[in-house]
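See below for the structure under consideration.
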Amino acid sequence: HEAISVADFAKAVSKKATEIVAKLIKLGVMANINQVIDAETAELLADEYGAMVEIRKLDHEHLLSTEDDIQENLQSRSPIVTIMGHVDHGKTSLLDSIRSSAVVTGEAGGITQHIGAYNVDLGSGKKIAFLDTPGHEAFTQMRARGAKVTDIVILVVAADDGVMPQTIEAINHAKAAGVPIIVAVNKIDKPDANPQRVMQELAERDLLPEEWGGTTIYCNISAKERIGIDNLMEMIMLQAEILDLKANPEREARGTVVESKLDKQRGAVSTILVQNGTLRKGDIVIAGTCYGRVRAMFDDRGKPINEAGPSTPVEVLGINGVPEAGDLAAVVADEKTARQICTSREEKVKNTELTSKGKMTLDDLFSHM
Ligand code: GTP
Ligand code: MG
């Protein structure tokens, strides 16, 4: 539990709920029986009773991991890839060329709906999920929220321009996140392209190419002329195999909010990247301080779907607000639980705001009791 109600806690330590309420008030926490207390407070209380109450915090990275899953329930999942690189080095062009070469021609409409993430089908069951983060800022913001959304970073470096400040920034981001990098040396169609120089510059930054005895995969490509794209896809699948990515499709879904917005016609719309489990229509989802029953789901092409397994980005309708990018999205048992957790989170946010604004500290609040 991230949070537990006073009543449930009382049950867990075999005490009367009223006694717990009294204890809480002594600790400076105003509470009633139905109220949810956070993990920190519950731990404090459990200490008081010398009880062994295991209250695990909803740690983002832990929840997205498969640590709680039984080994035999785990199945291979597709890699989730983010394209990064310096301005104008060809990130958007690469994503476009990947998508258009994979999109089956003659599909209804032909225009792909933009949901900030794409599933690319390579055929024979091979898929790659691409995250279209609008830049390094989004990546950093997501990481700051504890979200680990990427398995592999594709570092795009223009062969005519070489390593630039944002190239280095991207390397640092990927390294800090512990995500392996595949280098895509782009614009090799240009007469002044110098892929060797890119390799040299990056080798100095710990990205030693395989052909020089290192472990970093380099792919020469032209996003514009569509050269080397298939090879790049193969290299991504190879890296994914090395990473041995697994998930349990049988469990309740967990993932990360990639983006969310208020749509005039459809209301609150969230793009969620499912990372473990399967998200289904009708599930109750909490995302940040928002929650709701999944009313409808759409894939990256805007096609309605009823369920989404691991490594699948989906657009979700039914959540009662717009969670922030990087927020954890998790399916819970029922609406009551969802409401309780969200209320507790909101209170936490409110308290932090009050404290940080310096208008009123928590002590001030409690001194009025
Ligand atoms: P930002 O989003 O602004 O950071 O740029 P980006 O990295 O997304 O680059 P984008 O794909 O917009 O490409 C920048 C310019 O480079 C465009 O004019 C592209 O047409 C051009 N370009 C991209 N890839 C290639 C390539 O392989 N060869 C050549 N010759 N031009 C390319
Ligand atoms: Mg771009």
Side-chain angles (χ1 to χ4, degrees), residues 79-103 110-120 122 128-143 149-177 179-202 205 207 209 216-236 258-259 261 271 273 300-301 313 325-326:
I80 302 164
V81 175
T82 303
I83 299 174
M84 297 179 105
H86 193 71
V87 181
D88 273 354
H89 278 200
K91 301 177 290 292
T92 304
S93 304
L94 173 58
L95 195 57
D96 285 349
S97 98
I98 290 168
R99 282 172 52 208
S100 57
S101 58
V103 166
I111 302 295
T112 307
Q113 201 173 337
H114 180 95
I115 69 162
Y118 310 91
N119 238 335
V120 171
L122 303 176
I128 304 173
F130 283 92
L131 276 188
D132 185 17
T133 61
H136 299 178
E137 231 168 84
F139 194 80
T140 313
Q141 194 200 331
M142 284 206 207
R143 279 232 320 132
V149 281
T150 300
D151 301 309
I152 298 165
V153 162
I154 303 295
L155 181 66
V156 178
V157 187
D160 59 338
D161 209 17
V163 172
M164 298 302 268
Q166 277 179 277
T167 315
I168 295 161
E169 221 177 84
I171 296 170
N172 292 338
H173 281 314
K175 276 189 183 161
V179 178
I181 294 172
I182 294 178
V183 181
V185 182
N186 190 31
K187 309 197 185 186
I188 53 152
D189 59 290
K190 283 197 156 185
D192 53 347
N194 190 348
Q196 283 298 111
R197 197 190 79 191
V198 174
M199 276 189 180
Q200 267 157 18
E201 289 173 342
L202 288 177
R205 302 195 176 265
L207 295 174
T216 307
I217 301 171
Y218 280 70
C219 298
N220 287 344
I221 63 160
S222 166
K224 200 176 171 189
E225 304 297 329
R226 306 212 172 141
I227 301 166
I229 306 298
D230 288 348
N231 178 53
L232 177 62
M233 297 305 105
E234 270 171 41
M235 289 304 132
I236 294 172
V258 175
E259 62 180 19
K261 56 178 186 248
T271 300
L273 177 68
D300 56 346
R301 310 262 161 88

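First listed ligand is number 1; within each ligand, the first listed atom is number 1.
- Contacts between K190 and ligand 1, counted as non-hydrogen atom pairs separated by less than 4.0 Å, involve the side chain only.
- Nearest protein heavy-atom neighbour of atom 30 (N) of ligand 1: D189 OD2, 2.9 Å.
- Under 4.0 angstrom from ligand 1, the non-hydrogen atoms of N186 all belong to its side chain.
- In this structure, L94 CG and N186 CG are separated by 6.5 Å, a value rounded to the nearest 0.5 Å.
- Of all non-hydrogen atoms in L232 and C219, the two that sit nearest each other are CD1-SG, 3.8 Å.
- Taking CG of D300 as the start and CG of N119 as the end, the distance is 5.5 Å to the nearest 0.5 Å.
- Scanning all protein heavy atoms for the shortest distance to atom 21 (C) of ligand 1 gives K187 NZ, 3.9 Å.
- Close approach of ligand 1 to K91 is summarised as follows: ligand atoms under 4.0 Å from at least one heavy atom of the residue are 1 (P), 4 (O), 5 (O), 6 (P), 7 (O), 8 (O), 9 (O), 11 (O).
- Atoms of ligand 1 found under 4.0 Å from any heavy atom of S222, numbered from 1 in the order shown, are 26 (C), 27 (O), 28 (N).
- Close approach of ligand 1 to T92 (heavy-atom distance below 4.0 Å) involves ligand atoms 2 (O), 6 (P), 8 (O), 11 (O).
- Of the protein's non-hydrogen atoms, the one nearest atom 17 (C) of ligand 1 is S93 OG, 4.7 Å.
- Looking at atom 31 (N) of ligand 1, its nearest protein heavy atom turns out to be K224 CD, 3.5 Å.
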* To do: Just do the side-chain contact (heavy atoms from CB on, under 4.5 Å) check on K187 and K224 with the steps written out, would you?
  => CA-CA 7 Å; K187 309 197 185 186; K224 200 176 171 189; over 6 Å; no

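- On a distance-only criterion, E225 and ligand 1 share no N/O pair closer than 3.5 Å.
- The backbone and the side chain of D88 each have at least one atom closer than 4.0 Å to an atom of ligand 1 (non-hydrogen atoms only).
- For a threshold of 3.5 Å applied to N or O pairs, the pair formed by A223 and ligand 1 contains at least one separation below that value.
- Residue T92 counts as close to the Mg ion (ligand 2), with an N, O or S atom under 2.8 Å.
- Distance from atom 9 (O) of ligand 1 to its nearest protein heavy atom, with residue and atom name: G90 N, 3.1 Å.
- Remark: R197 CZ to D161 CG distance equals 7.5 Å, nearest 0.5 Å.
- Across every non-hydrogen atom of T167 and L202, the tightest pair is CG2-CD2, 4.4 Å.
- Of all the heavy atoms in L131 and A117, the pair that sits closest is CD2-CB, 3.8 Å.
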* Could you please spell out the steps behind the side-chain contact (heavy atoms from CB on, under 4.5 Å) verdict for F130 and I236? => CA-CA 11 Å; F130 283 92; I236 294 172; 4.0 Å; yes

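- For atom 1 (P) of ligand 1, the nearest protein heavy atom lies under 4.0 Å away.
- Here the closest heavy-atom approach between residue A159 and residue V198 is recorded as CA-CG2, 4.0 Å.
- For the pair I229 and A223, the tightest heavy-atom approach, listed with the atom from each and the gap, is CD1-CA, 4.4 Å.
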